[in-house]
J.: 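One structure coming up, written as structure tokens, with questions to follow.
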Amino acid sequence: MLILESSFPRRETSNITVQEELKQAEVYEVNTVVSVDNITENDFAVVSLDNKENEKIDTPKYSYWGSVAKKFLFSKITIFMLALMTFILLMSFIQPLFSGYSLSSVG
Amino acid sequence: MLVNINDFKARYNWPSLKYWFGTDADGNSLFDAIWAGARTSISIGVIASLITEVIGVIIGSIWGVSKKIDRIMLEIYNVIANVPSLLIIIVLSYSFGNGFWNLIFAMTCTSWIGTAYFMRVQVMIMREREYNVASKTLGTPMNRIIFRNILPYLTSVIVTDVSMALPSFISYEVFLSFLGVGLSQNVPSLGRLISQYSPYMTTYPYLFWLPVLVLALITISLYIIGQRLADASDPRTHM
């Protein structure tokens, strides 16, 4: 048994790639299982080399501070501590405004 | 405000719905006192470590790349680093008088040199890497080497240093206020609360333990967040 599938990455930009993909989809449904006996030469398409496509580098986008934030917020302890710190900071900078606590005023 | 000073029923109340953290000998609400004190302590910690880190990082990076400055600064460092920093802070706050900004001045006056020395070592390690030697050979000016080539690699090191400086300055303030040095008499702080209420440790334990608990929560949360941020800002963990 042989599994024919459109394993090459889909790229909308290349015309040739799209055509090849369409041709393959015409003959068989994508991802169908085909027995070896039923395969003929027509089932294959010539894949040409596209120099421009080869120049593209497929790496996920990387942003330094984005990765820092992702790594930082990954841990639950950190999030808990962050919440605790925010609470303490807010309390200590907002509560004295309302309480008007002062060591110098008497009565 | 000491509105309860003549109200005997308001004295030494244990924590309740009306007084969340209880009251002290003057009928003061400890809840108000703690947050007013925490504000002073946190402000001192943040301002002092900001000043220390900014001066320390800038001078330390110049110190690290310049051999001429290195010779002079190393002598200054040797002199200052051999005097206990706590002694310098106490002497300075005695001579300048008590007060919020005087205390911050006393704390930051010499402590930046420790950060600068730490940065010098870090910069010297990076300075001799191949990419920096190549950059220097190609004629990159010194400023650019420091701020573009070296400092971005030291982000996590700097964050680690900040995360250790913040709690340590808060502890300095608490310790000095406990001794009665540093802040003036009308400024509430966590150290002052702890020293004021330490005699009640057995009779009215909430008066002593609640400020200590809040102080512990502040320093622990700051330290852990700083450490996690330092870990996260190291690009080697981004895999």
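Chain letters run A, B, ... following the sequence lines, proteins first and then strands; every chain starts at 1. Predicted model only: the values in this text are computed from it and were never measured.
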J.: Minimum heavy-atom separation for B:Ile42 to A:Ser92, with atom names?
T.: CD1-OG, 3.6 Å
J.: Give the member of A:Phe98, A:Phe74, A:Phe72 that has the highest number of heavy-atom pairs under 4.5 Å with chain B.
T.: A:Phe72
J.: Would you check if A:Met85 and B:Leu222 make a side-chain contact, meaning some heavy-atom pair closer than 4.5 Å?
T.: yes
J.: Measure A:Leu84 against the heavy atoms of chain B and call it side chain, backbone, both or neither at under 4.5 Å.
T.: side chain
J.: Distance from B:Tyr223 atom OH to A:Met81 atom CE, nearest 0.5 Å?
T.: 12.5 Å
J.: With side chains defined as the heavy atoms from C-beta onward, is the minimum distance between B:Ser221 and A:Phe80 less than 4.5 Å?
T.: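 The answer is no; the side chains never approach within 4.5 Å.
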J.: Out of curiosity, A:Ile94 CD1 to B:Trp35 CH2, how far, rounded to the nearest 0.5 Å?
T.: 11.5 Å
J.: Against chain A, work out which of B:Thr155, B:Leu229, B:Ile224 has the most heavy-atom pairs shorter than 4.5 Å and name it.
T.: B:Leu229
J.: Mind checking the CD1-CD1 spacing from A:Ile88 to B:Ile218? Nearest 0.5 Å is all I need.
T.: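 So the gap between those two atoms works out to 5.5 Å.
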J.: Hey, is OH on A:Tyr64 packed in by over 12 heavy atoms from elsewhere, all under 6.0 Å?
T.: yes
J.: Hydrogens and angles aside, do A:Tyr62 and B:His238 bring a side-chain donor and acceptor to less than 3.5 Å of each other?
T.: yes
J.: Out of curiosity, A:Ile79 CD1 to B:Arg228 CZ, how far, rounded to the nearest 0.5 Å?
T.: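 It comes to 10.5 Å.
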J.: Please indicate whether B:Phe118 has more than 12 foreign heavy atoms, meaning atoms of other residues, nucleotides or ligands, lying under 6.0 Å from its CZ.
T.: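 Above 12, so yes.
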J.: Please classify the contact between A:Ile77 and chain B as side chain, backbone, both or neither, with a heavy-atom cut-off of under 4.5 Å.
T.: side chain
J.: Hey, are the side chains of A:Phe93 and B:Ser43 touching, using non-hydrogen atoms and a 4.5 Å cut-off?
T.: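 Yes, close enough: below the 4.5 Å cut-off.
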J.: What distance separates B:Asp231 CG from A:Ser75 OG, expressed to the nearest 0.5 Å?
T.: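 So the gap between those two atoms works out to 10.0 Å.
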